[in-house]
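Report on the structure given below.
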Amino acid sequence: MPELPEVEVVRRGLERWVAHRTIADAEVLHPRAVRRHLAGAEDFAHRLQGHRVGTPGRRGKYLWLPLEDTRLAVLAHLGMSGQLLVQPHEAADEKHLRLRVRFADEVDTELRFVDQRTFGGLSLHDTTPDGLPDVIAHIARDPLDPLFDDEAFHQALRRRRTTVKRALLDQSLISGVGNIYADEALWRARLHYDRPTGSLTRPRTRELLGHVRDVMNAALAVGGTSFDSLYVNVNGESGYFDRSLDAYGREGLPCKRCGTPMRRRPWMNRSSYFCPKCQTPPRISS
DNA sequence: AGTCTCCCCTGACGGC
DNA sequence: TGCCGTCAGGGGAGAC
């Protein structure tokens, strides 16, 4: 599931239900699910066998399962519709089941990767000395990472010739923020999505980061955001943060601050939701 | 190098 | 009923 809070909910589920279990075998039911594993599906499945899973890691929207006593990790990205589910063996296969991992123990559960749109996937990679899969070295730390550098982020925004929402979605600047939490944080910060990043003062950037963290922590506290059954934790349960959204999906509804009807604008093949009064467009528009 | 558009998929939904 | 266009929470490749 797409953004940082939802992925972290999944990571915690894996830590509880999958960590420290030894893999018996893996079964790839759709080759596209492992397309980022260049050596192929057979190689992927074979190389997982017999390894014990360490503590699951996460950076932004990526998560991974380290394989103990190796320098390898199984990297996962949920894309738009991916789910990692811990299911009883006897549970019927999901319609979009792409991959199954069985464990060499007496626990009656297996790990399943289910993905309707197949934008997500799993792959096996070497890790850097700090445990990060090497292929995601370009992904920036996320705002909940204690080592995220607020000042460096501000300086990067000042250097960039782009707009603030594009920057929030740029995973090489700050990771874990997607369309929903970008709109939520911008609404809270009273910033228009097309505001040039070069115009943000240091206090303004810090305030924005504070809102990004607040909205993500609030979502995390209630299990993430779920509009439908696609976005669930490893036990298939939905989070409740959709009830707390202030901007995303609220076209035509009154702004929760000033009552002005919220607007939706097409934006990069998606949508941006904002309050036309609280979040005024930049004066110099392109 | 930085920035931006396209495109990989399936399914749901509304209008005609 | 069915067909078509639109939309959906992502990010990488490749074009400027």
Side-chain angles (χ1 to χ4, degrees), chain A residues 1-10 29-38 58-63 75-84 94-98 113-123 125 133 135-140 142 155-187 193-194 196-198 212 215-216 219-220 223-233 238-251 264-273 286:
Chain A
M1 325 179 172
E3 306 186 42
L4 187 154
E6 294 75 40
V7 178
E8 175 60 17
V9 165
V10 172
L29 295 115
H30 194 307
R32 206 176 133 74
V34 292
R35 68 192 178 285
R36 290 187 73 187
H37 186 81
L38 301 180
R58 182 188 57 73
R59 174 172 287 194
K61 304 170 200 172
Y62 283 92
L63 54 85
L75 180 67
H77 196 292
L78 302 173
M80 298 281 269
S81 56
Q83 304 174 329
L84 282 167
E94 292 75 8
K95 182 175 181 189
H96 301 294
L97 179 64
R98 310 302 190 195
F113 179 64
V114 176
D115 190 11
Q116 179 205 112
R117 295 176 67 187
T118 68
F119 285 8
L122 282 73
S123 46
H125 301 282
V135 293
I136 60 165
H138 65 293
I139 301 292
D142 61 63
Q155 293 304 330
L157 290 192
R158 301 287 306 191
R159 279 194 303 273
R160 291 284 175 122
R161 299 160 66 85
T162 188
T163 51
V164 65
K165 185 168 171 180
R166 293 186 111 100
L168 284 176
L169 296 184
D170 185 337
Q171 305 296 302
S172 67
L173 290 179
I174 180 172
S175 68
V177 184
N179 205 35
I180 293 181
Y181 294 105
D183 279 3
E184 293 300 307
L186 290 169
W187 180 85
Y193 56 89
D194 262 345
T197 54
V212 170
V215 71
M216 285 185 164
L220 205 41
T225 299
S226 308
F227 295 136
D228 52 44
S229 59
L230 277 186
Y231 306 100
V232 294
N233 66 16
S238 295
Y240 295 105
F241 196 69
D242 59 309
R243 300 171 192 179
S244 306
L245 294 176
D246 294 319
Y248 191 86
R250 301 196 71 248
E251 181 182 20
R264 178 174 77 91
R265 285 280 174 278
W267 186 86
M268 284 178 74
N269 285 326
R270 303 188 194 175
S271 297
S272 273
Y273 296 89
S286 50

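Convention: sequence-line order gives letters A, B, ...; per-chain numbering from 1. Keep in mind the model is a prediction, meaning the values are calculated, not measured. What's counted below: heavy atoms across the whole structure, side chains too, no hydrogens, waters or symmetry copies.
If you take CD on A:Glu184 and CE on A:Met216, they are separated by 11.0 Å, rounding to the nearest 0.5 Å. Taking CG of A:Asp246 as the reference point, atom OH of A:Tyr273 lies at 14.5 Å (rounded to 0.5 Å).
Atom OH of A:Tyr273 is separated from atom C1' of C:dC7 by 9 Å (rounded to the nearest Å). As a whole-Å value, the separation of A:Arg166 CZ from C:dG11 P is 15 Å. Rounded to an integer number of Å, the gap from A:Leu168 CG to C:dG11 C1' is 16 Å. In this structure, the CD atom of A:Gln83 is 16 Å from the P atom of C:dG10, given to the nearest Å. Taking atom CD of A:Glu6 as the reference point, atom P of C:dA8 lies 16 Å away to the nearest angstrom. Rounded to whole Å, atom P of C:dG10 lies 15 Å from atom CD of A:Gln116. A:Asn269 places its CG atom 14 Å from the C1' atom of C:dG5, with the value rounded to the nearest Å. Atom-to-atom, CG of A:Leu4 to P of C:dG11 comes out at 11 Å; the value is rounded to the nearest Å.
Between A:Asp142 and A:Lys61 there is no salt bridge, since none of the side-chain N atoms of the basic residue sits less than 4.0 Å from a carboxylate O of the acidic one.
A:Arg160 and A:Thr197 form no side-chain donor-acceptor contact under 3.5 Å, judged by distance and modelled atom types alone. Side-chain polar atoms of A:Ser81 and A:Asp115 form a donor-acceptor pair below 3.5 angstrom. Looking at A:Thr225 and A:Tyr181, their side chains do bring a donor and an acceptor atom within 3.5 Å of each other.
At distances below 3.5 Å, at least one donor-acceptor pair connects side-chain atoms of A:Glu3 with backbone N or O atoms of A:Ile180. A:Arg98 contributes a side-chain N or O that, together with a main-chain N or O of A:Gln116, makes up a donor-acceptor pair within less than 3.5 Å. The closest donor-acceptor contact from the side chain of A:Glu6 to the backbone of A:Gly224 lies at 3.5 Å or more, if one exists at all.
Of all nucleotides in DNA chain B having an atom under 4.0 Å from a heavy atom of chain A, the first and last in 5' to 3' order are B:dT3 to B:dG11.
When distances are taken from the side chain of A:His77 to each of C:dA8, C:dG10, C:dG12, the shortest belongs to C:dG10.
Within 4.0 Å (heavy atoms only), A:His138 reaches sugar-phosphate atoms of the nucleic acid but no base atom. Note on A:Arg161: only backbone sugar-phosphate atoms sit closer than 4.0 angstrom, heavy atoms only; bases stay farther off.
Only the P atoms considered, B:dG11 is 22 Å distant from C:dG11, to the nearest whole Å.
When every heavy atom of A:Arg59 is checked against every heavy atom of A:Ile139, the shortest pair comes out as NH1-O, 3.1 Å.
Once the 5.5 Å centre distance and the 30° plane angle are applied, the aromatic ring of A:Phe119 is found not to be stacked with the base of C:dG11.
Residue-to-nucleotide contacts include no donor-acceptor pair under 3.5 Å from the side chain of A:Arg35 to the base of C:dG12. Taking only distance into account, the side chain of A:Arg117 meets the base of C:dA8 through a donor-acceptor pair shorter than 3.5 Å.
DNA chain B forms stems at B:2-8 with C:10-16, B:10-16 with C:2-8, each a run of 3 or more consecutive Watson-Crick or G-U wobble pairs whose two key distances fall under 3.5 Å.
Between A:Thr118 and A:Met268, it is A:Met268 whose nearest contact on DNA chain B lies nearer the 5' terminus.
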